[in-house]
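Notes follow once the structure below has been shown.
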2 protein chains.
Amino acid sequence: MNANHAIKIEPFKVACSSCNLRELCLPVGLSKGDLDQLDALVATRRNVERGDTLFRTGDSFQSLYAVRTGFFKTCVSSEDGRDQVTGFQMAGELLGLDGISNDRHSCDAVALEDSQVCVIPYSQLEELSREFTDLQHQFHKIMSREIVRDHGVMLLLGSMRAEERLAAFLLNLTQRLQARGFSASALVLRMTREEIGSYLGLKLETVSRTFSKFQEDGLLEVKQRQIRIMDQPGLQKLVNSTTC
Amino acid sequence: MNANHAIKIEPFKVACSSCNLRELCLPVGLSKGDLDQLDALVATRRNVERGDTLFRTGDSFQSLYAVRTGFFKTCVSSEDGRDQVTGFQMAGELLGLDGISNDRHSCDAVALEDSQVCVIPYSQLEELSREFTDLQHQFHKIMSREIVRDHGVMLLLGSMRAEERLAAFLLNLTQRLQARGFSASALVLRMTREEIGSYLGLKLETVSRTFSKFQEDGLLEVKQRQIRIMDQPGLQKLVNSTTC
DNA sequence: CGCTAGGTTGAATCGGGTCAATGGGAGTGG
DNA sequence: CCACTCCCATTGACCCGATTCAACCTAGCG
């Protein structure tokens with residue numbers, strides 16, 4: 001499986017209405033009728049192998065992408081080659097919203113494992129959302145939620161110490177995984193220490209050390225990328241306490 | 001002037017079509033016909049005195065606001081009272097996009113000087129943008145631009161040193177001021193060192209010290225909140241160079 | 001079986017934070 | 001008009017958390 005190297009169009013019809021991610025993805029709250037319309041729009045899927053980019057900075061913007069399976073990171077880079085991971089996306093989450101502003105993508109989206117996305121042609125989405133109020137509203141909510149999420153990351157980057165950042169990151173990850181039916185306490189990281197560090201504004205050594213510290217403190221069990229959360233409330237307490 | 005303490009509805013009709021900010025604000029790129037429709041929507045203005053909030057976290061979300069005159073900051077805070085300035089908004093910029101996701105605002109918007117905003121009832125904007133493609137598209141672009149901006153801030157917070165952050169901040173400010181017809185080299189800061197620090201993920205003392213350093217290096221002249229940029233390319237060089 | 005990418009750990013360094021004292025400007029009230 | 005006050009800004013000294021540099025380890029893969 002996942003052995004095909006080119007863009008792959010699913011031979012059979014894909015349908016949001018029968019997708020088990022519909023409660024997390026664009027279709028949230030849509031009526032049956034609206035959903036059928038959306039089905040017509042989201043006609044193709046695309047496979048992206050681990051390490052490949054779904055789109056990169058400067059690419060012309062045509063479509064949004066909904067992650068169906070797999071895991072992505074997005075990263076921006078400045079002229080001088082500085083690099084920043086701006087997010088990690090898992091099933092049901094949308095990629096490509098950055099492209100609307102300029103008709104060009106302003107970040108890279110890289111698959112961290114073999115993944116599949118649903119392709120949502122943007123001009124058609126705009127068209128459809130003129131007709132279907134609920135879809136329009138849902139789409140706006142998703143964009144707004146991204147803005148709110150970004151503000152949360154700014155808070156993290158601007159005011160938290162390393163331990164707090166990593167704890168917040170882990171809690172956020174597990175929460176999203178739990179919403180997708182996975183365990184709240186055991187997880188496998190799909191990204192390297194360096195990628196976590198970039199996202200959290202830390203160096204990879206600091207991330208590694210902090211993992212070790214959490215393990216010593218009995219908060220986690222860490223075996224490479226396998227993490228088991230032993231003391232969820234303890235992590236939570238780390239996050240919300242200016243704790244002096 | 002600016003002596004009224006309550007919300008003030010302008011007695012005469014306000015009109016985007018005759019607003020000198022139309023090239024920076026929501027109406028960008030709209031045809032004459034679309035503009036007339038927008039005029040009908042944006043019927044009221046509201047004055048906000050220096051220090052007052054336009055909205056705060058938890059307030060029910062009804063409207064977006066376009067800054068007409070004045071200057072705002074937005075800030076989020078975490079449960080434990082940590083605080084983060086997420087942006088500064090000047091004439092022509094939109095406030096309130098965070099509220100769409102939840103029907104509640106998720107940040108505070110505070111006027112840093114006596115200000116006036118145009119009130120854009122959100123449900124009517126959605127309605128109108130179903131009818132007018134250009135307006136819909138422009139609105140989406142503005143939301144997307146906010147996301148892209150936030151990613152830039154993440155890059156700044158995640159990977160830049162204090163000097164680089166402050167230089168980037170000043171260049172961004174002057175660029176926006178210049179687009180509004182102000183000088184590219186002389187500016188008056190509307191915010192305290194502490195607010196700059198919060199935005200940049202630094203302490204106020206660090207901001208102050210960095211201003212002093214820039215002055216010693218001949219990059220700026222700093223007199224309290226009066227800043228004169230003496231060496232724009234020098235600042236630019238600070239920003240784009242991992243310089244080692 | 002050896003190579004390589006990723007991860008861990010230690011020691012030294014340093015950038016920015018913390019704490020504390022001082023200075024300056026704008027607004028207020030006598 | 002001046003004096004008082006408050007808020008903001010500056011500056012110094014010290015400290016600490018995170019980075020840097022380096023060595024070493026481990027797992028996965030060809």
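To find a chain, count down the sequence lines: A is the first, B the second, and so on, and within it residues start at 1.
Partners of B:Glu194 according to the side chain to side chain contact (heavy atoms under 4.5 Å, CB included) rule, which considers only residues two or more places apart in sequence or in another chain, are B:Thr192, B:Leu204. Contacts of A:Arg145 classified as side chain to side chain contact (heavy atoms under 4.5 Å, CB included), with partners at least two apart in sequence or in another chain: A:Gln138, A:Lys141, A:Ile142, B:Ser101. Taking the side chain to side chain contact (heavy atoms under 4.5 Å, CB included) definition, one finds that B:Ser208 meets it with nothing, sequence neighbours left out. Listed by chain and number, the residues in a ring pair (Phe, Tyr, Trp, His ring centres under 6.0 Å) with A:Phe61 are A:His105, A:Tyr122 (sequence neighbours excluded). Taking the side chain to side chain contact (heavy atoms under 4.5 Å, CB included) definition, one finds that A:Glu205 meets it with A:Lys203, A:Arg209, sequence neighbours left out. Under the side chain to side chain donor-acceptor pair (under 3.5 Å) criterion, B:Glu113 pairs with B:Arg190, not counting sequence neighbours. Residues passing the salt bridge (charged side-chain N to carboxylate O under 4.0 Å, His left out) test with B:Arg104, sequence neighbours excluded: none. Residues passing the side chain to side chain donor-acceptor pair (under 3.5 Å) test with A:Lys73, sequence neighbours excluded: A:Glu195.
Between B:Arg82 and A:Glu164 a salt bridge is recorded (basic side-chain N to carboxylate O distance below 4.0 Å).
Remark: A:Ser208 is not in phosphate contact with C:dG7, judged by side-chain N or O atoms under 4.0 Å from OP1 or OP2.
Between the two ends of the helix from C:dC1-D:dG30 to C:dG30-D:dC1, each summarised by a five-pair axis, the helix axis turns through 40° (rounded to 10 degrees).
Computed from coordinates, the A:Arg165 CZ to D:dA18 P distance equals 8 Å when rounded to whole Å. Put simply, CE on B:Met160 is 16 Å from P on D:dT19, counting in whole angstrom units. If you take CD of A:Glu205 and C1' of D:dA23, they are 12 Å apart, rounded to a whole angstrom. With rounding to whole Å, B:Glu113 atom CD is found 16 Å from C:dA26 atom P.
Residue B:Arg209 is classed as a base contact, given a heavy-atom separation below 4.0 Å to a base.
Of the residues in residues 187-204 of chain A, A:Thr192, A:Arg193, A:Leu204 come within less than 4.0 Å of DNA chain C through at least one heavy atom, sorted by number. Within residues 210-232 of chain A, the residues approached by DNA chain C to less than 4.0 Å at the level of any non-hydrogen atom are A:Ser212, A:Gln224, A:Arg225, in residue-number order.
Two residues, B:Arg50 and B:Thr206, neighbour DNA chain D, and the one matched to the more 5' nucleotide by heavy-atom proximity is B:Arg50.
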Tabulate below the donor-acceptor pairs under 3.5 Å that side-chain atoms of residues 83-93 of chain B make, not counting sequence neighbours, or state none.
{"residue": "B:Gln84", "atom": "NE2", "partner": "B:Ser198", "partner atom": "O", "Å": "2.9"}
{"residue": "B:Thr86", "atom": "OG1", "partner": "B:Thr74", "partner atom": "O", "Å": "3.2"}
{"residue": "B:Thr86", "atom": "OG1", "partner": "B:Thr74", "partner atom": "OG1", "Å": "2.9"}
{"residue": "B:Gln89", "atom": "NE2", "partner": "B:Thr74", "partner atom": "OG1", "Å": "3.2"}
{"residue": "B:Glu93", "atom": "OE1", "partner": "B:Met90", "partner atom": "N", "Å": "2.8"}
{"residue": "B:Glu93", "atom": "OE1", "partner": "B:Arg176", "partner atom": "NH2", "Å": "2.9"}
{"residue": "B:Glu93", "atom": "OE2", "partner": "B:Arg176", "partner atom": "NE", "Å": "3.1"}

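Within 6.0 Å of atom CZ in B:Arg56, 12 or fewer heavy atoms from other residues, nucleotides or ligands are found, so the atom counts as exposed in its surroundings.
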